[in-house]
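Quick notes on the structure that follows.
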2 protein chains.
Amino acid sequence: MPKIGMEPVRRKALVDAAMRVIGDHGSLAVTMSEIAKQAGVSPALAHHYFGSKEQLLIETVRVHLQRLRDSVVTALRAATTPREKLSAVIRVSFQADQFAPETIAAWLAFYAEAQRSEETRRFLVIYARRLHSNLVANLKALCAAGDAERIAEGAAAMIDGLYIRQSLRSAPISTEASIALTEDYLTTNLDAVKG
Amino acid sequence: MPKIGMEPVRRKALVDAAMRVIGDHGSLAVTMSEIAKQAGVSPALAHHYFGSKEQLLIETVRVHLQRLRDSVVTALRAATTPREKLSAVIRVSFQADQFAPETIAAWLAFYAEAQRSEETRRFLVIYARRLHSNLVANLKALCAAGDAERIAEGAAAMIDGLYIRQSLRSAPISTEASIALTEDYLTTNLDAVKG
DNA sequence: TATTTTTGATTGACTGATCAATCAATAAAA
DNA sequence: TTTTATTGATTGATCAGTCAATCAAAAATA
């Protein structure tokens with residue numbers, strides 16, 4: 001069975017498995033055994049490639065934030081006007097795979113983990129900054145800098161808040177409704193500062 | 001040392017200790033020993049009064065949501081007009097003790113826990129519904145029912161989102177700024193649907 | 001080509017630490 | 001004496017992390 005060049009394959013499998021197990025479990029209190037089983041390897045192998053559980057989890061956050069970033073970059077490229085780019089950022093935030101219950105549960109778990117793990121926190125801060133700057137950059141083309149900052153703060157908070165509320169699965173809000181609410185926030189605010 | 005009638009005293013001390021330890025630790029992965037130590041009793045006593053760790057944690061959520069509820073009720077009583085009542089709800093959400101880093105860390109941990117514990121989830125759903133209905137009830141006095149629903153969803157999401165972003169402690173937003181942002185959201189939206 | 005050596009991949013079995021939970025025992029009030 | 005409060009000691013389970021051993025492909029050598 002042992003073939004050469006398995007490392008990248010196993011690393012990816014383990015990171016994907018970790019995200020799935022964390023999402024299902026709704027918490028980082030998952031065992032290396034569960035993750036390894038899900039990836040179809042032994043727990044020992046997971047340790048062999050990642051050194052520790054913490055490292056595997058950190059790598060899991062990193063990889064998934066990278067994927068989210070890639071989605072945003074692609075969506076931004078496809079949009080042309082600032083207003084379209086703003087919509088693109090919002091759309092990606094709520095796109096199906098991001099807004100799935102297990103994904104939301106996983107992100108929530110990572111936010112909790114960030115209270116203890118400086119490295120996890122760093123990654124999430126990068127995400128928050130990126131979202132903020134994507135919003136501000138495009139808003140500045142549509143209104144004064146001060147207003148752009150304020151509207152961006154509000155929009156970012158609303159996006160994150162819609163995630164949290166989604167995590168409770170009571171009165172779940174549809175993807176479309178979430179997008180509509182955020183779009184509406186931008187439109188109303190842009191109109192207000194202009195008119 | 002053993003005096004009679006200690007049960008309520010110990011229960012309160014343990015619940016308070018749990019909240020403090022969870023807040024400091026930033027996670028529910030705290031030990032009964034830590035909580036008991038913080039409360040100045042033995043771990044065995046914590047089990048004696050609560051039966052299990054899970055029950056102690058559930059009781060901790062319940063008690064703290066009850067306190068939050070009391071604050072809101074008091075603040076609502078002090079306000080007279082619908083608009084003032086809306087401001088009261090917002091003010092309480094961001095009041096000092098609620099917005100302290102340890103408190104936010106604790107809530108975050110409870111939200112994560114709610115993915116696994118049905119009972120924890122139930123309590124948080126009750127909080128979400130209460131916030132929503134407090135907002136809707138007063139908004140309905142100021143605009144059409146449909147708009148009230150929508151604005152309430154947005155405001156609730158924004159409040160929760162500001163909490164999450166606060167938890168990362170990067171570019172922390174002040175209490176006043178958070179209140180201003182949410183107030184501004186309400187004002188702008190109410191103006192938009194009226195004018 | 002055939003044979004040996006090396007190296008990467010992989011695991012089962014084990015260890016040490018941690019922790020929730022239990023329980024028997026003690027001490028003081030009623 | 002009965003009841004309530006309290007704890008130290010202990011247990012049983014869970015898990016992260018380690019390690020020595022195995023297996024097979026690839027590389028080196030004959």
Side-chain angles (χ1 to χ4, degrees), chain A residues 1-22 24-61 109-110 112-113 115-120, chain B residues 1-22 24-61 109-110 112-113 115-120:
Chain A
M1 204 163 306
K3 284 173 200 158
I4 202 172
M6 291 306 284
E7 177 157 356
V9 176
R10 295 307 188 203
R11 290 187 90 96
K12 182 177 185 310
L14 283 163
V15 162
D16 288 347
M19 194 67 174
R20 223 168 316 135
V21 172
I22 292 166
D24 286 348
H25 213 270
S27 142
L28 291 199
V30 295
T31 66
M32 285 296 255
S33 300
E34 280 175 282
I35 296 172
K37 191 176 187 180
Q38 173 80 105
V41 298
S42 75
L45 194 66
H47 274 98
H48 173 64
Y49 283 126
F50 288 94
S52 72
K53 181 183 175 183
E54 190 174 12
Q55 271 312 116
L56 169 53
L57 296 183
I58 286 171
E59 189 63 10
T60 302
V61 186
F110 285 129
E113 175 70 5
Q115 304 298 313
R116 279 181 300 159
S117 159
E118 183 54 37
E119 208 158 352
T120 301
Chain B
M1 206 170 294
K3 286 173 199 159
I4 201 174
M6 291 306 283
E7 178 157 355
V9 176
R10 295 305 189 203
R11 290 188 88 96
K12 182 176 183 312
L14 283 163
V15 161
D16 288 346
M19 193 68 174
R20 222 168 316 134
V21 172
I22 291 166
D24 286 347
H25 213 271
S27 143
L28 291 199
V30 296
T31 67
M32 286 296 258
S33 300
E34 279 176 281
I35 297 172
K37 192 176 186 180
Q38 173 81 134
V41 299
S42 75
L45 195 66
H47 274 99
H48 173 65
Y49 284 127
F50 288 94
S52 73
K53 182 183 175 183
E54 190 175 12
Q55 270 314 116
L56 169 53
L57 297 184
I58 286 171
E59 188 63 10
T60 303
V61 186
F110 285 128
E113 174 71 4
Q115 304 297 314
R116 278 181 301 157
S117 159
E118 183 54 37
E119 208 156 355
T120 302

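The chains referred to below are lettered A, B, ... by the order of the sequence lines, with proteins before strands, and numbering in each begins at 1.
Annotation for A/Glu59 and A/Phe50: closest pair CG-CE2, 3.7 Å, computed over non-hydrogen atoms. Scanning both residues, B/Thr120 and B/Phe110, for their nearest heavy atoms gives CG2-O, 3.6 Å. The heavy-atom pair separating B/Ile35 from B/Val21 by the smallest distance is CA-CG2, 4.2 Å.
Checked by atom type and distance alone, the side chain of B/Lys53 never pairs as donor or acceptor with a backbone atom of B/Ala46 at under 3.5 Å.
Distances were taken from every side-chain heavy atom of B/Ser42 (C-beta onward) to each of D/dT7, C/dA21, C/dT11; the shortest belongs to D/dT7.
Across all strands, A/Val9 comes closer than 4.0 Å to no nucleic acid atom at all (heavy-atom distances). A/Thr31 comes within 4.0 angstrom of sugar-phosphate atoms only, judged by non-hydrogen atoms across all strands, and of no base. Nucleic acid contact class of B/Tyr49 (heavy atoms, under 4.0 Å, all strands): sugar-phosphate only.
Across the protein-nucleic acid pair, A/Leu45 atom CG and D/dA20 atom P stand 18 Å apart, rounded to whole Å. Taking atom NZ of A/Lys53 as the reference point, atom P of C/dT18 lies 15 Å away to the nearest angstrom. Taking atom NE2 on A/His48 and atom P on D/dC19, their separation rounds to 14 Å, with Å as the unit. Whole-Å rounding puts the B/Leu56 CG to C/dA21 P distance at 10 Å. B/Phe50 places its CZ atom 15 Å from the C1' atom of D/dA5, with the value rounded to the nearest Å. The NE2-C1' distance, from A/His47 to C/dC14, rounds to 14 Å in whole Å. Here the P atom of nucleotide C/dA9 and the CG atom of A/Leu14 are 13 Å apart, to the nearest Å.
A sub-4.0 Å separation between OP1 or OP2 of D/dT6 and a side-chain N or O of B/Arg10 is present.
For the atom pair CE of B/Met19 and CG of B/Asp24, the computed distance is 11.0 Å after rounding to the nearest 0.5 Å.
Within residues 32-41 of chain A, the residues having any heavy atom closer than 4.0 Å to DNA chain D are, in order of number, A/Met32.
In terms of position on DNA chain D, the residue among A/Pro43 and B/Ala44 whose nearest nucleotide sits closer to the 5' end is B/Ala44.
The number of heavy-atom neighbours closer than 6.0 Å to CD of A/Glu34, taken from other residues, nucleotides and ligands shown, is above 12.
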Exercise. Show your working on side-chain contact (heavy atoms from CB on, under 4.5 Å) between B/Met32 and B/Leu56 and close with a plain yes or no.
Key: CA-CA 9 Å; B/Met32 286 296 258; B/Leu56 169 53; 3.9 Å; yes

